[in-house]
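Keep in mind that the numbers below use all heavy atoms, side chains included, and drop hydrogens, waters and symmetry copies.
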Amino acid sequence: MGRTGRTAIASELPRLRRDWRLDFVVVNGENATGGMGLSPAHAKLLLDAGADALTLGDHAFDQREMIAFIEQEPRILRPLNFARSAPGQGARFFDAPGGRRVFVAQVLGRVFMKQPFDDPFSAIEAALRPATLGGTAAAVIVDVHAEATSEKMALGHWCDGRASLVVGTHTHVPTADTQILGRGTAYQSDAGMCGDYDSVIGMEALEPLTRFVTGMPKGRFTPAEGPATLCGIFVETDDATGRARRALAVRLGGRLSPAAPDSAPD
């Protein structure tokens, strides 16, 4: 979320990759540029910091340069259930260490969203067919970019046993429901933002407060630029099955209570 979130990723991710021996990292970057979308320059910064894949969301093309850039950079994914004419891809295989392949997909929820997107359940159902967990894919990661926790949870159960991880994005607040579902899929309703939590979901508080109280805008939303909390989820998978063995919330720095793995994977 904005400059402070980008800075947190750029400064911390190289160390986390080393210390936690991370094989694959996905960063949701859709609010990294001024809180509205992702520019090509900032996408390159996140990839250079150590992200293997970047996902977007409903603000995927707020930065107009991304419309062309996403066609040139296959490591960036936009939601599967965007319009068929949208540029880029919503799911694909990525190479990981040891000759393994990781499948990453993103879908948009429909509940409380402003635009009428296609059905995320049928979209992810079709996308997962070539990605057999423990077969063609060593791991499968699904980013559910949605408002409603109920819809995210339903998609988690829909993908249970077919994904290593289903994690929500979009609401900017980390949830306390990190778990492994019955068939081996790690789940968290929202990973939370990497940004300044002394804010209203990453924006300086005055303008959102003004709009809530008066119903009228007085100025522009401006990303808060205090110390960032880097938020996410850490998952360790079984090499044979692709199912989750450990799932732990991550909160580092800034204002939120810390949470992190106490050791690297076995």
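- Of the possible donor and acceptor atoms, none in the side chain of Asn81 sits under 3.5 Å from a partner among the backbone N and O of Ala123.
- With hydrogens and angles ignored, the 3.5 Å screen pairs no side-chain donor or acceptor of Thr4 with any backbone N or O of Gly195.
- Going from atom CD1 of Ile76 over to atom CD1 of Ile70 covers 6.0 Å, rounded to the nearest 0.5 Å.
- Atom-to-atom distance recorded for Asp262:CG and Leu248:CG is 7.5 Å, nearest 0.5 angstrom.
- Judged by distance alone, the side chain of Lys152 and the main-chain N or O of Ala146 form a donor-acceptor pair under 3.5 Å.
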Evaluate Glu204 against Arg220 for salt bridge (Lys or Arg N to Asp or Glu O under 4.0 Å), listing each step before the verdict. CA-CA 10 Å; Glu204 292 284 355; Arg220 298 182 64 180; over 6 Å; no
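- Looking only at side-chain heavy atoms (C-beta outward), Leu133 and Arg162 stay at 4.5 Å or farther from each other.
- No donor-acceptor pair closer than 3.5 Å links the side chain of Glu30 to the backbone N or O of Thr55.
- If you take NE2 on His157 and CZ on Arg183, they are separated by 10.0 Å, rounding to the nearest 0.5 Å.
- A 4.5 Å side-chain heavy-atom check between Pro261 and Trp20 finds at least one atom pair inside the cut-off.
- Smallest separation of non-hydrogen atoms from Gly156 and Val166: CA-CG1, 3.9 Å.
- Taking both residues in full, the closest heavy atoms of Ser39 and Gln63 are given as N-CG, 3.9 Å, listed atom of the first, atom of the second, then distance.
- A salt bridge links Arg15 with Asp19: at least one charged nitrogen is closer than 4.0 Å to a carboxylate oxygen.
- Checked by atom type and distance alone, the side chain of Ser164 pairs as donor or acceptor with a backbone atom of Gly242 at under 3.5 Å.
- With Glu73 contributing its side chain and Arg75 its backbone, the two residues share a donor-acceptor pair below 3.5 Å.
- Remark: His172 NE2 to Asp190 CG distance equals 8.0 Å, nearest 0.5 Å.
- Within the 4.5 Å cutoff, side-chain heavy atoms of Gln106 are placed close to those of Asn28.
- Taking both residues in full, the closest heavy atoms of Phe82 and Asp118 are given as O-OD2, 4.1 Å, listed atom of the first, atom of the second, then distance.
- For the pair Phe234 and Leu16, the minimum side-chain heavy-atom distance is 4.5 Å or more.
- Donor-acceptor pairing under 3.5 Å is lacking for the side chains of His59 and Asn31.
- Classification of Glu147 and Lys114 as a salt-bridged pair fails, no side-chain N sitting under 4.0 Å from a carboxylate O.
- Using modelled atom types and a 3.5 Å distance limit, the side chains of Ser122 and Asp119 yield a donor-acceptor pair.
- At a threshold of 4.5 Å between non-hydrogen side-chain atoms, the residues Asp143 and Val26 do not count as touching.
- Looking at every heavy atom in both residues, Leu45 comes nearest to Ala10 through CD2-CB, 3.9 Å.
- Contact record, Phe93 with Pro130: CZ-O, 3.5 Å, taken as the closest heavy-atom pair.
- Considering only heavy atoms from C-beta on, Val111 stays 4.5 Å or farther from Ser150 through its side chain.
- Cation-pi geometry between Arg92 and Phe94 is met: under 6.0 angstrom from the ring centre, within 45 degrees of the axis.
- Judged by distance alone, the side chain of Thr7 and the main-chain N or O of Arg3 form a donor-acceptor pair under 3.5 Å.
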Would you please test Thr222 and Glu207 for side-chain contact (heavy atoms from CB on, under 4.5 Å) and show each step? CA-CA 8 Å; Thr222 304; Glu207 180 60 22; over 6 Å; no
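- Cluster membership for Val104 and Met66, using ILVMFWY side-chain heavy atoms within less than 4.5 angstrom, is not shared.
- Relative ring orientation between Phe121 and Trp158 is described as perpendicular, the plane-to-plane angle rising above 60° on a 0-90° scale split at 30° and 60°.
- Taking each heavy atom of Cys231 and Ala191 in turn, the nearest pair found is CB-O, 3.3 Å.
- Between Tyr187 and the options Leu181, Val167, Ile180, a side chain to side chain contact (heavy atoms under 4.5 Å, CB included) holds for only Leu181.
- Formation of a donor-acceptor pair under 3.5 Å by the Arg211 side chain with backbone atoms of Pro217 is not found in this model.
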Leu46 and Leu38: side-chain contact (heavy atoms from CB on, under 4.5 Å), yes or no, with the steps? CA-CA 10 Å; Leu46 297 175; Leu38 178 65; 4.2 Å; yes
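- Judged purely by atom type and a 3.5 angstrom limit, Gln188 has no side-chain atom pairing as donor or acceptor with the backbone of Ala249.
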Worked check of salt bridge (Lys or Arg N to Asp or Glu O under 4.0 Å) between Arg110 and Glu151: CA-CA 8 Å; Arg110 295 193 293 186; Glu151 189 176 25; 5.2 Å; no
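- Just one residue in the list Val142, Val144, Val107 forms a side chain to side chain contact (heavy atoms under 4.5 Å, CB included) with Pro120, and that residue is Val107.
- In this structure, Pro79 and His145 have side chains that are not in contact, with every pair of non-hydrogen atoms separated by 4.5 Å or more.
- A heavy-atom distance below 4.5 Å is not found between the side chains of Arg255 and Pro227.
- Here Leu47 contributes atom CG and His42 contributes atom NE2; the two are 13.0 Å apart, rounded to the nearest 0.5 Å.
- Using a distance-only test at 3.5 Å, with no hydrogens or angles considered, a donor-acceptor pair links the side chain of Thr229 to the main chain of Gly253.
- The line from CZ of Arg246 to OG1 of Thr237 is 11.5 Å long, rounded to the nearest 0.5 Å.
- Every residue two or more places apart in sequence or in another chain that forms a side-chain hydrogen bond (donor to acceptor under 3.5 Å, both in side chains) with Arg100 is listed here: Asp23, Asp239.
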